[in-house]
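Order of the sequence lines sets the chain letters (A, B, ...), proteins ahead of strands, with each chain counted from 1.
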Amino acid sequence: MAPLPRAFFDRPVLEVAPDLLGVVVEHRGEEGVVAVRLTEVEAYDGEADPGSHAFRGRTPRNAVMFGPPGHVYVYFTYGMHWCMNVVCGPEGRAGAVLLRAGQVVVGEPVALGRRTTSKSPRDLARGPARLTVALGIDGGYDGVDALDPRSALRILSGDRVGPDGGAPGTNGTVRSGPRVGVSGDGAGRPWRFWLDGEPSVSSYRPAVARRRAPSGRLSP
DNA sequence: CGGCCGATCCACT
DNA sequence: GTGGATCGGCCGA
């Protein structure tokens, strides 16, 4: 599998996102190599997109989104989960594609060792936080250039990997729909893309406002 | 399988 | 102080 050219990512994020389906993300970690063939992604279109972390401008957390394409933006959420994006161009537009799900095609035993709660191989990278765990990615990878051959984390052309994990094959039909967990004005945009019929695609969950535990101190 | 809910903590207002 | 680009356990159908 060949590395993808920088120009692949230096395009509007809505063009890049569907093209990432079938592409392979590989991490060479301490415990071994794990590679995931992407089956589901979401586009976040910079400061014009209310659903984007860059919507309110640049902050320390989202700074990588404003940088060059091909680097990864990794963020922490819900107090315990890491999620990974790939930054897309054009420059000056903080676009990024959230990697939501994929099929583990290399290093399944290693991924199983990390994903202790996973009960079946298809659940290993079914969901954005599961995917980062399976690959062994956390906040330490924020800003890494995934197109640099020296990086432990790399994005590779998946055109030699089929749905069975080995033989060349087609990627199948690309479908699209609303993004998962996005509320407010950005909710209606059909910027989630997935491969039809893939078992590793995560189930759709609409955004819900959640109650908070009563902020009770113990009674005096 | 689908719905509900708690966990857990950080970024931003 | 508020709520989140989520997950897994538990329950009922």
If you only use heavy atoms from C-beta on, which nucleotide in C/dA5, C/dC7, C/dG4 is closest to the side chain of A/Ser183?
C/dG4
Among the nucleotides C/dT6, B/dC9, B/dC12, which one has an atom lying closest to any side-chain atom of A/Phe76?
B/dC9
Do the charged groups of A/Arg93 and A/Glu47 touch, with an N to O distance under 4.0 Å?
no
Sidechain N-carboxylate O distance under 4.0 Å for A/Glu198, A/Arg175
no
Applying side chain to side chain contact (heavy atoms under 4.5 Å, CB included), name anything that partners A/Ser52, two or more places apart in sequence or on another chain.
A/Tyr44, A/Asp49, A/Ala54, A/Met65
How about A/Phe76 and A/His81: are their ring centroids closer than 6.0 Å?
no
The side chain of A/Met80 lies closest to which of these nucleotides: B/dA11, C/dC7, B/dT8?
B/dT8
Once you apply a heavy-atom cut-off of 4.0 Å, does A/Gly127 come out as touching a base, just sugar-phosphate, or nothing?
sugar-phosphate
Does the gap between the ring centers of A/Phe9 and A/His71 come in under 6.0 Å?
no
Return the stacking result for B/dA7 and A/Tyr78: yes when the ring centres lie under 5.5 Å apart and the planes under 30°, no otherwise.
no
Check: C/dA5 base within 3.5 Å donor-acceptor of A/His53 side chain
yes
Protein-nucleotide distance (A/Phe55, atom CZ; C/dA5, atom P), rounded to Å
13 Å
Categorize A/Arg61 for me: base, sugar-phosphate, or nothing, with a 4.0 angstrom heavy-atom threshold over every strand shown.
sugar-phosphate
Round to the nearest Å and state the distance from A/His81 atom NE2 to C/dG3 atom C1'.
15 Å
Take the protein atom CG of A/Asp138 and the nucleotide atom C1' of B/dC9, then report the distance between them rounded to whole Å.
16 Å
Please report, rounded to the nearest Å, how far the P atom of B/dA11 is from the CG atom of A/Asn62.
11 Å
Taking only side-chain nitrogens and oxygens of A/Arg192, does any of them come within less than 4.0 Å of OP1 or OP2 of C/dA5?
no
Charged N-O contact under 4.0 Å between A/Arg154 and A/Glu26:
yes
Are A/Val74 and A/Asn85 close enough that some pair of their side-chain heavy atoms sits under 4.5 Å apart?
no
Quick one, which residues of residues 114-126 of chain A touch DNA chain C with a heavy atom under 4.0 Å?
A/Arg115, A/Thr117, A/Lys119
Between A/Arg6 and A/Asp145 (salt bridge meaning N to carboxylate O under 4.0 Å), is one present in this structure?
yes
Between the main-chain N or O of A/Gly139 and the side-chain N or O of A/Asp142, is there a donor-acceptor pair closer than 3.5 Å?
no
Please state whether the phosphate of C/dT6, meaning OP1 or OP2, lies under 4.0 angstrom from any side-chain nitrogen or oxygen of A/Arg100.
yes
Whole-Å distance, A/Arg58 CZ to B/dA11 C1', equals 16 Å
Shortest non-hydrogen pair, A/Pro50 vs A/Arg189, comes out as CD-NH2, 3.3 Å
Paired and unpaired positions of DNA chain C as dot-bracket, Watson-Crick or G-U wobble under 3.5 Å, | denoting a partner strand
||||.|||||||.
Check for me: is A/Tyr75 stacked on C/dA5 by the 5.5 Å centroid and 30° plane-angle rule?
no
